[in-house]
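No experiment lies behind these values; they were computed from the predicted model shown. Atoms considered below: every heavy atom in the structure, side chains included; atoms not considered: hydrogens, waters and symmetry mates. The residues of the chain are indexed from 1 along the displayed sequence.
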Amino acid sequence: MTILQRAATIAVMTFSLAGLLGNSAPGQATGIDRSTTNLTALANLNALSPQNVPQIAPVATSVAPVETNAENTSVSPAVAEAEEFDTLAQAVAAQDSAAADEALQCLAGAIYFESKGEPLTGQLAVAEVIINRAKSGRFPANVCAVVKQRGQFSFVRGGQIPNINAGTAYRTAIAVAKVALADAWNSPADKALYFNTPDRRPSVRAIKVASIGNHIFYR
């Protein structure tokens, strides 16, 4: 190849290269669709793989058991109604013959010695006199002290009640005493504080309230 041919070849290559550069716009090499690129990038950022997502363990909430208040739910037992009787004899027959305490023994002793053989209403009235005295404030404040008070009941000896044969009459006296102490029957000699035989009157001024058997009762 001659020098002229080489020069021509170089010139052709130079013009060809210039033509290529002239046809290429400066910004076309970087003219990428940016919206597509941004959306794809965001999608890739938001699409976290499962292993990158933090797992939140469920919180176990303990519920305390509700305690039942036994006092509020329990049903109170019904109060037994006082037994009612059609007659005083029924009330007396319903009692046992155990003289459980001193007051009962003193009252039964007074009923026995003062009204043995009297109708039940008369025996109950004698018991009521002794109980009324203990409540009155004008006599000793308890049954035994009333019965043993000096000068009040002739059967008392040296401040003591004599021994009693525990027969039928005494068992009846105990039952009547229980009826009187429980106020299980209304006495016909209500509020009476004295009693005596018909041929004798109390040594104090008194008002007659009842006459039962061989006794008259006063207040």
Side-chain angles (χ1 to χ4, degrees), residues 80-219:
E81 295 182 359
E83 187 175 359
E84 295 183 358
F85 304 100
D86 294 329
T87 64
L88 175 56
Q90 287 183 358
V92 171
Q95 312 304 315
D96 59 52
S97 59
D101 55 55
E102 186 180 8
L104 181 59
Q105 293 173 5
C106 290
L107 187 58
I111 294 169
Y112 176 84
F113 284 111
E114 291 291 336
S115 59
K116 178 178 58 176
E118 292 290 308
L120 291 176
T121 53
Q123 294 185 50
L124 181 62
V126 168
E128 288 291 337
V129 166
I130 295 168
I131 293 172
N132 290 342
R133 285 188 178 189
K135 295 177 179 178
S136 69
R138 298 160 57 183
F139 294 87
N142 65 77
V143 168
C144 284
V146 168
V147 172
K148 297 176 182 180
Q149 186 179 12
R150 178 177 294 184
Q152 295 301 310
F153 296 99
S154 59
F155 68 87
V156 176
R157 296 288 186 268
Q160 298 298 320
I161 299 174
N163 292 330
I164 302 173
N165 180 23
T168 302
Y170 184 58
R171 289 194 294 271
T172 299
I174 292 174
V176 171
K178 289 184 176 182
V179 170
L181 289 171
D183 198 19
W185 194 264
N186 293 328
S187 170
D190 186 39
K191 298 181 181 180
L193 292 173
Y194 310 94
F195 65 91
N196 233 321
T197 55
D199 58 337
R200 300 179 61 185
R201 288 185 60 85
S203 59
V204 296
R205 294 183 61 182
I207 300 173
K208 178 180 176 179
V209 294
S211 178
I212 307 170
N214 293 318
H215 290 114
I216 298 177
F217 296 85
Y218 305 86
R219 60 177 175 83

Non-hydrogen side-chain atoms of Phe153 and Ile130 separated by less than 4.5 Å = yes
Which value, rounded to the nearest 0.5 Å, describes the distance between Thr172 atom OG1 and Gln95 atom CD?
-> 11.5 Å
Where do Ala98 and Ile174 come nearest, in terms of heavy atoms and distance?
-> O-CG2, 4.1 Å
Keeping the roles fixed (side chain from Glu118, backbone from Asn214), state whether a donor-acceptor pair exists under 3.5 Å.
-> yes
Does Lys148 NZ have over 12 foreign heavy atoms under 6.0 Å away?
-> yes
For the pair Val176 and Tyr112, evaluate side chain to side chain contact (heavy atoms under 4.5 Å, CB included) and give the outcome as yes or no after the intermediate values.
-> CA-CA 10 Å; Val176 171; Tyr112 176 84; over 6 Å; no
Which heavy atom of Glu128 sits nearest a heavy atom of Trp185, and at what distance?
-> OE2-O, 4.5 Å
Could you grab the distance from atom CD of Gln160 to atom SG of Cys106, nearest 0.5 Å is fine?
-> 9.0 Å
4.5 Å side-chain heavy-atom contact, Phe155 and Ile161 = yes
Of all heavy-atom pairs linking Ala127 and Ile111, the shortest is CB-CD1, 3.6 Å
When you check the side-chain N and O atoms of Arg171 and Thr168, is any donor under 3.5 Å from an acceptor?
-> yes
Under 3.5 Å, is there a donor-acceptor pair between the side chain of Lys208 and the main chain of Ile216?
-> no
Between Pro162 and Phe113, is any pair of side-chain heavy atoms under 4.5 Å apart?
-> yes
Compare all side-chain heavy atoms of Gln123 with those of Leu120 and state whether any distance is below 4.5 angstrom.
-> yes
For Glu102, look at atom CD and say whether over 12 heavy atoms of other residues, nucleotides or ligands are found less than 6.0 Å away.
-> no
For side chain to side chain contact (heavy atoms under 4.5 Å, CB included), just list the numbers for Leu104 and Lys178, CA-CA rounded to whole Å, side-chain angles, deciding distance to a tenth of an Å, and then say yes or no.
-> CA-CA 7 Å; Leu104 181 59; Lys178 289 184 176 182; 3.5 Å; yes
May I ask you to test the Ile131-Asp183 pair for a side-chain heavy-atom distance under 4.5 Å?
-> no
Spacing of Asn196 atom CG and Phe217 atom CZ [to the nearest 0.5 Å] = 10.0 Å
Quick one: CG on Leu181 to CG on Asp101, what's the gap to the nearest 0.5 Å?
-> 7.5 Å
Distance from Ile212 atom CD1 to Leu124 atom CG, nearest 0.5 Å?
-> 8.0 Å
CD1-CZ distance between Ile207 and Arg219, expressed to the nearest 0.5 angstrom = 4.5 Å
Quick check: does any side chain N or O of Asn132 sit under 3.5 Å from a backbone N or O of Ala192, one acting as donor and the other as acceptor?
-> yes
Considering non-hydrogen atoms only, spot the tightest contact between Ser115 and Val126 and give its length.
-> CB-CG2, 3.8 Å
List the atom of Ala173, the atom of Ala108, and the distance in Å for their closest heavy-atom pair.
-> CB-O, 3.5 Å
Smallest separation among heavy atoms of Pro188 and Ala210, with atom names | O-CB, 3.7 Å
Using only heavy-atom distances, determine whether the side chains of Gln152 and Arg133 contain a donor-acceptor pair under 3.5 Å.
-> yes
